[in-house]
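First the structure, in the form of structure tokens, and then the observations on it.
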Amino acid sequence: MIVMKFGGSSIGTAEALRQVVGLVERFRDTKPVLVVSALQGVTDSLLASTAAAAEGRSDVIATGLAVLRERHHAMVNACVNAGAAACHARVDALVEELAGALAAMNGTHARDERAVDEVVSFGERLSAPIVASALASRGIPARDVDAREVIVTDDRFGSANVYFGPTDKRVAAAILPLTGAGTVPVVTGFIAATAEGVTTTLGRGGSDYSVAIVAGAIGADEIWIWKEVDGVLTADPSVVPEATLLSAISYDEAAELSHFGAKVLHPKTMIPAVDKKIPVRMRNTFRPDAPGTVIGERSAPTQSGVKAVTAIKKLSMVTVEGMGMSGLAGFAAHVFGVAGRHGINIVMFCQSSSEQNICLVSDAKDGRRFKEALERELADEVSRRLVDNIAIFEDVAAVAVVGEGMRGVPGVAARLFRAVASVGVNVLAIAQGSSERCVSFIIAESSADDIVRAVHGSFALHVAVTEKAVSPFAAAKSEVSGA
Ligand code: ASP
Ligand code: MG
């Protein structure tokens, strides 16, 4: 069994949806289970409608509902033959129910997270039945599955936490009989419900998480995430034209890369897959023969150990310096506490072993605010001369070099910083976790692209990746057919 995720853009237009149907047809022997998002843009427009509802702007709501109804009917017209009348009726019933949910929020002037989750859930509740009917129209028996009946969460609306015990049982009980009977389940991504049946959501982009939850529960062979790109590359191809596809990376490498802005998967979404050791394959909808990138336990080794280089731009670095900071227990906690209380996410940080300098990197938009907050909250330390200077470096970028194999390979850092020096760039700060899986450093944003290119070239990443991707599924299949 393969659990396949199709995001909003994969089903955003009739043409895209037809392509999805074609892919399911083609890979039908894998016993696919689909997890789908709302049609592209629908979640955003539903969120906008909750804001309009809270403000009591019923004209805006009425227009929004009409557009939504039209769009889904048009999809049914374009992709559904068998059972089209029932499908149209379902769209109407759901839009009517949605209208009721919005009317209940009318003029409340408050953001009620529970009501917001209820409203946004309609995106996936509308898309899944259409995808299932489109499959059925092409002779592929399919049935939509409302994830609210199977994925059980707490009531942290907007970003709920999953209770895997009941979820695993319910998902298996709903899905396995369908796949067993040759029916393709089409599960609504993103949405879930509390044990009492109140609708929740798993956070923006949550369909990726839904896929892993479903795959974990049924013990799927693989997860396939279909996108418009080949998979994970050694660098951003718009910066490094010779960037190459990585055939296999580890879960940990994927987590490091996604942190650094590569469009991989949010690490949290992989947890159920990692726990059950299910490989996650990123595949290109336009090139279904290409193997994509497999994210799994094992990573294809490279000689230098380095796999990929990526940069996050639009960052600020705040430094706190002072000869009196050394040996001051609790000082770092104090500094981080300031960040935490002001809701500032620290992207990277480091401290020299002299303990006289701490640097903290945040989003550019938070930098000044963070510096000002530190100035206020460390005023006492400044007056006691424990802290001499609080400074900000704006327009900086973090470059990250990622690779499982760097661990224990001497000379990687030397080679890396020689490449940086060759571009004539000054490094402002460096951090490496003890996992040795990622080295990151801060430089002026204006040189980020040059550095990424220099590092990519220096480690010859485009030729370093040699091992061919192996699909455990393909292996399993050939075993079966050989038997
Ligand atoms: N439809 C939801 C969103 O746009 C979930 C998803 O697409 O993953 O965030
Ligand atoms: Mg989406």
Side-chain angles (χ1 to χ4, degrees), residues 3-13 16-17 19-20 23 33-51 64-65 67-68 71-72 75 91 94-95 98 101-102 111 113-132 144-148 150-151 153 156-162 167 171 185-193 199-216 223-229 254 258 262-273 280-283 285 295:
V3 181
M4 301 186 182
K5 140 94 192 279
F6 291 101
S9 58
S10 298
I11 55 172
T13 62
L17 177 53
Q19 200 179 349
V20 167
L23 287 170
V33 175
L34 267 53
V35 174
V36 297
S37 297
L39 305 191
Q40 188 168 29
V42 166
T43 306
D44 286 328
S45 67
L46 289 169
L47 277 172
S49 74
T50 61
L65 284 172
V67 170
L68 197 75
R71 178 154 178 214
H72 288 87
M75 282 297 258
V91 169
L94 282 164
V95 174
L98 167 61
L102 284 165
R111 196 179 155 84
E113 298 292 342
R114 172 176 169 149
V116 170
D117 274 3
E118 175 64 24
V119 168
V120 296
S121 75
F122 282 90
E124 276 72 7
R125 288 161 66 189
L126 281 159
S127 67
I130 298 178
V131 174
D144 62 290
V145 175
D146 188 333
R148 296 175 307 157
V150 291
I151 300 183
T153 67
R156 229 186 111 205
F157 298 104
S159 183
N161 301 299
V162 177
T167 297
V171 170
V186 180
V187 185
T188 55
F190 181 49
I191 66 176
T199 303
T200 57
T201 62
L202 303 173
R204 287 312 302 272
S207 304
D208 289 342
Y209 196 23
S210 311
V211 184
I213 295 165
V214 170
I223 291 168
W224 291 359
I225 310 273
W226 290 98
K227 294 208 162 168
E228 286 85 38
V229 292
S258 69
K263 291 175 193 70
V264 193
L265 291 173
H266 190 284
K268 178 179 160 190
T269 69
M270 289 191 297
I271 294 172
V280 181
R281 187 180 292 271
M282 319 285 289
R283 309 194 63 151
T285 44
I295 306 171

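Counting starts at 1 for both ligands and their atoms, following the listed order.
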Per-atom contacts of ligand 1 with [X], taking only distances under 4.0 Å to non-hydrogen atoms:
| X | result |
| --- | --- |
| Thr43 | 1 (N), 2 (C), 3 (C), 4 (O) |
| Ser37 | 6 (C), 7 (O), 8 (O) |
| Arg204 | 3 (C), 4 (O), 9 (O) |

- Message: Is a donor from one side chain sitting under 3.5 angstrom from an acceptor on the other, for Gln40 and Ser9?
- Response: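 Distance-only check fails for Gln40 and Ser9.
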
Minimum heavy-atom separation for [X] and [Y], please, with both atom names.
| X | Y | value |
| --- | --- | --- |
| Ala16 | Gly12 | CB-N, 4.2 Å |
| Val131 | Leu17 | CG2-CD1, 4.0 Å |
| Val187 | Ala147 | CG1-CB, 4.1 Å |

- Item | NZ/NE/NH1/NH2 to OD/OE distance under 4.0 Å, Lys268 and Asp208 |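 Judged by the 4.0 Å cut-off on N to carboxylate O distance, Lys268 and Asp208 do not form a salt bridge.
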
- At a 4.0 Å cut-off, with the gap strictly under it, does some heavy atom of Gly206 reach an atom of ligand 1?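 For ligand 1, residue contact (heavy atoms, under 4.0 Å) with Gly206 is present.
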
- Message: Tell me whether Gly205 reaches ligand 1 (any heavy atom closer than 4.0 angstrom to a ligand atom).
- Response: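 Distance cut 4.0 Å: Gly205 passes for ligand 1.
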
- Query: Does Asp208 reach ligand 1 with a nitrogen or oxygen that is under 3.5 Å from one of the ligand's nitrogen or oxygen atoms?
  - Reply: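 No.
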
